[in-house]
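Report on the structure given below.
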Amino acid sequence: MSNSPRLAALALFSAILASSACDRPGDPTNSAGATEAPATDPWTLTTLESLGERAALVAVVRQDAWPAVSARLAPLAPRLGAQTPSRTDLLLAGQLPVFLHMLFGPATSAAPPLTGLDPARPLVLALDEPALRAPPGLLAAELSQHPGSLPGLRHEFVLPAVDPAGLGDALARWFDALGRQEPALAAATPGARAWVLGSGDLVAVVSAADAVRVVGLQRARVPAGTPIESVAPALRGELLRASPPAAARTTGLALAAASGQPLAVLLRPRVLPALLQWQRARAAADALAPATHVEGAQLRRASLAALLRCERALGDGAVDLDDWLLTAADDPHGLRLRVTAGLTPAGAQALGDPSAREPLALRGPAVASAAVRLTLVDRPDPSDGRSLRLDAAEALAACGDVLPYMLLGTPVSALRGPRINIPATLTAQVAITALAGDDLRGAVALDLPATIAIAPLQAFARQFVTGLGREFVLHDELAGERQRVSFGIGVDPTTVFADTTEPVGLAAARVDLSVLAPALRPFAPDLVAPLQAYRRAALDLAREGSLLRGELVFDDGEPLAAGPQLDPAPLVGPARAPAAPSPGLDCARSFIAQAIDALDRARPPAAALMGEALARSLAATEPALRCVEADPATAAHAPALRRMLPLALADLLADAFRPSEAARVLAGPCEAGDAFACRRRAELAQLPDVALPGLHSNCPTHHARHAHRLALVGDRLALDDRPVADYAALTQQLAALAEERDPSLELAIDSATTFAALRPLLAALSLRRDLRLGIVAGHDRGMTTTYQIPMAAPQIAASPPASSQLAPMPAHLRVGAFVLTGDGTALRMRTGTTALGSYPYLHATTIEADARERPDNHLPPMVVATEETPWSTVAVALAGTCDPHALAEDVDVQALLGPPDRSVSILWDPHGPKPLSVKPKARGPNNINSGLFSAKPRVEYCYARALADAPALAGKVVVEFAVSAAGELGAVSIASSTLRHPEVERCIVDAIERHTSWSSADADAVIRWRFDFTRR
């Protein structure tokens, strides 16, 4: 078998590793000579400072230079990550009209024609500002401050203008075509106009002396039926700020962003936790929007649990990297991307100066090479738990998008997590020397502490290399407290790496694209296509004081102009002072862990906690909540935190038909003055508790989902957790449900409700043939399973009819009918013209299995009941088969099928009847009864079919058959018969031969069994 797939995978990995890199000092691609410090544009710097530091991403775009760079970068951008962020697409557009169109305009709108724009100054875009003012640990509380609503994400564009009035008018004309102008939104801001663009979108245009600001508020969620413009800013987010934000710091990175690069992007890791949680909350809100009432409670539980898990994975919010700056520059010979990040004091402490030995120099040219050198310092792990210990495996499993975000702010902390075993000092390098077809050759070298055991690494490397069909060559050298391990892939590593070392920063890589691209083309044509314009790619990443600096360069073989460099002398300052320890935040994180545990214990199929167990669970969170309330830094968030868990648990309890218990759960936040909790508590107090009927079913269709739920207890009605005054009001609401996308309704009826009390409800439902109906039932063995059982439309009058107009069915069609009759707490079963006696062990699975082999006469299974029959019995009957049942009047069934005048004792019963004889007694009666289980409905059919032509037919049939010790059925014969009906007798023999199954036993046996078809 060819090794091409493995070869391609390894080559692709090398290409990705190298293409995330750039060129280092002394490389031929960086030989343009000394560089100048960037010149700062005062207008741009003032604009950046005016935007504050709330936006996750701020971009400065030079209108004249960026389109050319964008054209080079666009083909590569989708290949630089697993997913292309939407903001990347927006920035790559390269022109302001396209920015506006992509962010605010619908797909069919044309980009606005803009006049009055100053082309000599850059555009400044502040994107993705979440309306959350809380640290990790309290973000979920802030998001749950107003249930049913979600503040929007804010964006602000600053457009330089030579004619601000003209530019503002041009934008106004475009927004007039997209939405409705709302003067009240902009009344407090001079020179401002505002529009409502949709149910959750607002936009404003503010003209100033030398610029026009376009401010957008997107994807806010406000209470249903409430216009966004009438909602308080606390609910929708702040469009035009009442007071300007604190000015952004004038850091070295901000100076560089204002220095005239074609594109400069500032990314703020401190904002990312809030943005991540906002995005997760918005995704949950979008998923809940089309959800039905029945799905709502569990979806809200799941979304809150996921939000809290992300909160916990975000840790204490400490970051190693303060701000990132990405710049892009064009060149006739290629593309240069530079990235600079400022180390916080914690990051500078965690990332020590490189002290491991330098990488080895290469003896000759390589298709691709890469080197990484790290020195990591363990952070102290104080007992208060404030140090960030990100468990990547848990984060990926529970909150998969946390890790990529957190790595932008805490890469060092993430590498030193409790389950990530990166050595504290490490130098690793790889070189591919040959790559053509299946011919892959290269080497790997590692410089590690001497205490690291290399046996597992050696075993893995040998298995991988030999799997590629290449020779494995290993070298291991000790040098004091260090060891150098190298292995070759088809070559001796000493012929690849020299004994001398080569200086490197933190990481460096080189790729010869002229060799790699053709080798990859058959396996990854989409990756190779944009690389064909370049010969080389190079990476460098190094630490300079409190900065991390890197470059990514693609070139055609000629040197690129170096361009202006950021002087590291200003560092990143002024440095942010580390946040003082907050007891309230620690307590909030403790509460999060308790809340996750409580929500997990209510995850289906488990039931929500109730009674004393619930009281103890809530009481356990009280110390943490009081601690949050006592800390001035967190006290403002305490009410939302206090409400968050009880509200979710109350939702689940109401979903479990225990609204009185749900109301008790909300007593704490309500008594603490939470108006929303009090309103919800009052709503729940109006709803009846429902004791569901119990049954047991294996039918897959008995877990159908319905959109709405109707509860009935005594004379109390509730539809979707809202009381219904009477049946006249219910009739109107049912008509409204029938117009919905999913007109389905499940009935949660108290098990003690009599059939007579049900008649008004069933009569109302019988008029709505456009509703898909079902019933809700519990498990009869104390399990938490809840059944949602489909039901045909009832054929029920408000009061029992005196007679029926239905015409009788022909006798041969009655045979396949299946009727269950509730008579008090007893349940009787009949088929066709055969009436069967009551069965004391009846439950849904036995009925379903018994009915499985019955012939189909194309009638739905029918259920009738007396006026005193409780719903608990009717529900079991309705669950009797996997097909939807029809509730019908007894008089209608009698008219259709005739009176039930016969009964046969051939139903399966685990306690009898017993066989006439078993020789030898190798099998017990129950074993034999179980073996006949599937044949008995067919035997009954044999007799019932004959009754259609011979109503007086009656008698006893004794059947003899042999079963081997291995469970094989032998000869079947009629031993004796008083029935004297050869056709029925042949049918019985055939039923036993075709429909029985037998288990193994101690010995062969001959069995005699009597079927008693007796007239009663």
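Along the sequence shown, residues are numbered consecutively beginning with 1.
Put simply, CZ on R241 and OG1 on T189 are 11.5 Å apart, with the number rounded to the nearest 0.5 Å. To the nearest 0.5 Å, atoms CD1 (I592) and CG (L641) are separated by 7.0 Å. The CZ atom of R219 sits 10.5 Å away from atom OG of S199, with the distance rounded to the nearest 0.5 Å.
Counting heavy atoms from C-beta outward, R133 and R54 have side chains that approach closer than 4.5 Å. In this structure the side chain of R270 reaches within 4.5 angstrom of the side chain of T344, judged on heavy atoms. Within the 4.5 Å cutoff, the side chain of F157 has heavy atoms near those of the L103 side chain. For the pair V265/V58, no side-chain contact is recorded, criterion being any heavy-atom separation below 4.5 Å from C-beta on. The shortest distance between side-chain heavy atoms of L408 and L321 does not fall below 4.5 Å.
Of the residues listed (R282, E311, E142), the one engaging Q277 in a side-chain hydrogen bond (donor to acceptor under 3.5 Å, both in side chains) is E311, and it is the only one.
Residues A542 and G505 approach most closely at CB-CA, 4.0 Å, considering heavy atoms. Heavy atoms only, all atoms of each residue included: W174 and P112 are closest at CG-CB, 3.4 Å. Taking both residues in full, the closest heavy atoms of F104 and G216 are given as CE2-CA, 3.6 Å, listed atom of the first, atom of the second, then distance. G168 and S207 get closest at one heavy-atom pair: CA-OG, 4.0 Å. Across all non-hydrogen atoms, the minimal contact from T634 to L585 is CG2-N, 3.7 Å.
Judged purely by atom type and a 3.5 angstrom limit, R280 has no side-chain atom pairing as donor or acceptor with the backbone of C310. Side-chain atoms of T226 come within 3.5 Å of backbone N or O of P223 as a donor-acceptor pair. Looking only at distances, no side-chain donor or acceptor of D118 sits under 3.5 Å from a matching main-chain atom of P160. The main-chain N or O of P67 is never found under 3.5 Å from a side-chain atom of R62 such that the two would form a donor-acceptor pair. Formation of a donor-acceptor pair under 3.5 Å by the T46 side chain with backbone atoms of P42 is found in this model. Although no hydrogens or angles enter the test, the distance criterion places a donor-acceptor pair under 3.5 Å between the side chain of W278 and the main chain of P151.
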Fill in: side chain to side chain contact (heavy atoms under 4.5 Å, CB included) assessment of L100 paired with L171
CA-CA 10 Å; L100 293 170; L171 290 167; 3.6 Å; yes
Practice prompt. Go through the steps to decide whether V231 and S149 satisfy the test side chain to side chain contact (heavy atoms under 4.5 Å, CB included), and finish with yes or no.
Written response: CA-CA 10 Å; V231 178; S149 66; over 6 Å; no
Fill in: Stepwise side chain to side chain contact (heavy atoms under 4.5 Å, CB included) check, L351 with L506
CA-CA 10 Å; L351 183 62; L506 296 175; 4.0 Å; yes
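Between F175 and W195, the angle of the ring planes lies from 30° to 60°, which puts this pair in the tilted group.
Residues R221 and D286 are paired through a salt bridge, judged by an N-O separation under 4.0 Å between the basic side chain and the carboxylate.
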